[in-house]
Amino acid sequence: MAATGPKSTMHTVQGMKIEVERMGKGKPILVFTSEEQLERGSAALANLALDHEVIMPSLPGYGRSERPDWIRNPDDISYIMMDLLDELHLGPVPVIGFSLGGWIVTEIATKSNAYFSKIILVDSYGVKVGGAYERDIADIWTLHADKVLKLKWHDVAKGKRDFPSMSEHDLQIIARNVESTARFCWEPYMHSINMTKRLHRIKVPTQFIWGENDGITPLAYGRGFSALILGSKFTTIGRAGHYPHLEQNDDFIKAIRPFLGA
Amino acid sequence: MQAWHFTEMPYPHLPPADQITTMRVSLSNKHFDPNIGADLYNRYLDEYMIADDLGLDLMVNEHHQTATCLDTCAPLSAAILARQTSKGRILILGNPIANRGDPIRIAEEMAMIDCISRGRLEVGFVRGVPYEVFASNSNPTQTVERLWEGIDLSIAAWKAVDEPFNFEGRFTHKRQINLWPRPYQTPHPPVWITGSSDHEAISRAASRGFTFATFLQPYEVVRKLFETYRAHYVDCGQPGGGGLGFLPLVYTADTEAEAEAGMKELLWYMTAKTEPQFRNPPGYVSVDLNVKALQGAFSGRTDAMRAKGLEFQREQGVIMYGTPDQVAQQVKRFYENVGGFDHLLMMQQAGFLDHARTVKSMTLFAKEVFPQIKDLARTKPLRTLAAAE
């Protein structure tokens, strides 16, 4: 069966417009994208859309979603997303969160176990596992862009993007996504201060998927994160960096399909 | 026309340029020798005192984690000058209130310096250049919003004379605001603000009667900024009555050849290396500008400007150098080109330019250039104030 979509609609939540993209037919599955939203149009999501309805909201300040000034951090965002999920009446559904999207999933799931039936976190931000003098997560803003690319991708060629050839519209979204990430994640850098004290509240089956060569959120960080969610499963993907679903699509699908079940 | 002496207090004793990738933010501080640093601080402060004796006003600023500027705390250097000089006005341009936070602490420090100097302080506020957010770790977005909330709160604190008040704003929360000391000048020192392209911010500054200054830009850009200021200026009874300032590099000498050599040394400042990620932190500029950057609109722009050479930059007014008469002519030409201005902020020292040659240039300027320009008519905002009086 060929997947349908993607189709994008705008929902009004707390007076702000939030974009929701849907593709495919079948059981609903939620996807919270990475801050770069590179999952859009990816083979991984196309595979899921073969037998799922993939529902992919853009966080405030990302994609075409609005960003009112009062939103300061992923905690604020999580309340907007819960309002959206209430409105969508999905019931508990599986969710995949990539990078920043994973952080948002943990923000929601530590507040309520009602939204998700299963959680997949892929090279997610959100927690600090090391001490004050340890840099858990590579600082993407003080490193040279070439260095960031090397840390993020196992195969750097896959991460290179030809910005001048892109449309003005796409570049607007890219630039605003970057700005929004700085607004929400600058300090504390890529984590919520008290997330370590809240993760025990997640009672939903959880699987971590991690790129073995991730230089942004390294493997040790991922394992430390996973240890804080009781009973969570930790699966690594070789020859992959921060975006294993984009670098090793087949391995990624093989890793998550059994967890998602039939 | 008021003329202000300025140096960023550079530390130029660095490894060769091809051996370092940046002079800002992440250049290892193993390259800083405290003995050399001590000499430099004292030397630069001496030069401010000489400028004061020469009848010039004094401007200081601050930057962080950079060899281009050892002044990491403008209130400290201003406080030293408040005590050690006696005539010149002292301008901090400025307080990086959006990065530093705590506007009340800043208002308090300004009041103290104003008292020590017996009312010679002028208080600038700046948004801060992009690379500063790395040292302060302040969010690179909403810098303009934080700047204005901080300015408004500082002014409110200076003006409050009756009861302590509280403030619960977007970025600052304070209880029992009650400045001890109050500023020496009533209701507060003149307020300055800087800008380089944001016309909306200039309108806002002008509509409150602040003084506006811009740095190192070609006269055509400066004229447009100044026109925006003049169009929106409102005389709100601000101390100082507003006005316009411009900062070029300035070197004055007996001969043009000597001046050119001096200017070449000052240009060290313009060639300071900064790694690209520090030049444009995420969200510091608008989405539209970042789109243009992604499209490659700005790549090579600085190099292209440099390649045009000394004479071109002198023609643009970004640098002013020559014999006293030549420098006076360049100031007057710039004055004409931008529709008039009130404050010549002069970076007269940068890089390796040594004490003797710095002082020689300052002295020639004060004795032979300044008399030729100091009576240039004040621009419209100040005349408005004069008329009102």
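Protein chains get the first letters and strands the later ones, always in sequence-line order, with residue 1 at the start of each. Please read these numbers as outputs of a predicted model, since none were measured by experiment.
Enclosure of atom CZ in B:Arg175 is not indicated, since only 12 or fewer non-hydrogen atoms of other residues, nucleotides or ligands lie within 6.0 angstrom. Residue A:Lys158 places its NZ atom among more than 12 non-hydrogen atoms of other residues, nucleotides or ligands, all under 6.0 Å distant. For B:Lys224, the NZ atom sits in a loose shell: 12 or fewer heavy atoms of surrounding residues, nucleotides or ligands are nearer than 6.0 Å. Within a 6.0 Å radius of CZ in A:Arg161, more than 12 heavy atoms belonging to other residues, nucleotides or ligands are found. By the 6.0 Å contact criterion, CD on A:Glu87 is enclosed, its count of non-hydrogen atoms from other residues, nucleotides or ligands being greater than 12.
Between B:Gln277 and A:Val148, the closest side-chain pair of non-hydrogen atoms is not below 4.5 Å. Using a 4.5 Å heavy-atom threshold, the side chains of A:Ile174 and B:Leu294 count as touching.
Note on A:Ile140, A:Leu143, A:Thr181: by heavy-atom pairs under 4.5 Å with chain B, the leading option is A:Leu143. Among the candidates B:Thr21, B:Val25, B:Val287, the residue making the largest number of heavy-atom pairs closer than 4.5 Å to chain A is B:Val287.
When all heavy atoms are compared, the tightest approach of A:Arg183 to B:Thr141 is NE-OG1, 2.6 Å. For B:Ser138 against A:Trp186, the heavy-atom pair with the smallest separation is O-NE1, 3.1 Å. Across B:Pro276 and A:His144, no two heavy atoms sit closer than the pair CG-NE2, 3.5 Å. Across every non-hydrogen atom of A:Gln172 and B:Asp288, the tightest pair is NE2-OD1, 2.7 Å.
For the atom pair B:Lys292 NZ and A:Glu168 CD, the distance stands at 7.5 Å (nearest 0.5 Å). Distance CZ/B:Arg170 to CZ/A:Arg72: 11.5 Å, rounded to 0.5 Å. Going from atom CG of A:Asp69 over to atom CD of B:Glu145 covers 6.0 Å, rounded to the nearest 0.5 Å.
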A:Trp141 vs B:Val133, side-chain contact (heavy atoms from CB on, under 4.5 Å): CA-CA, chis, key distance, verdict = CA-CA 11 Å; A:Trp141 291 312; B:Val133 301; over 6 Å; no

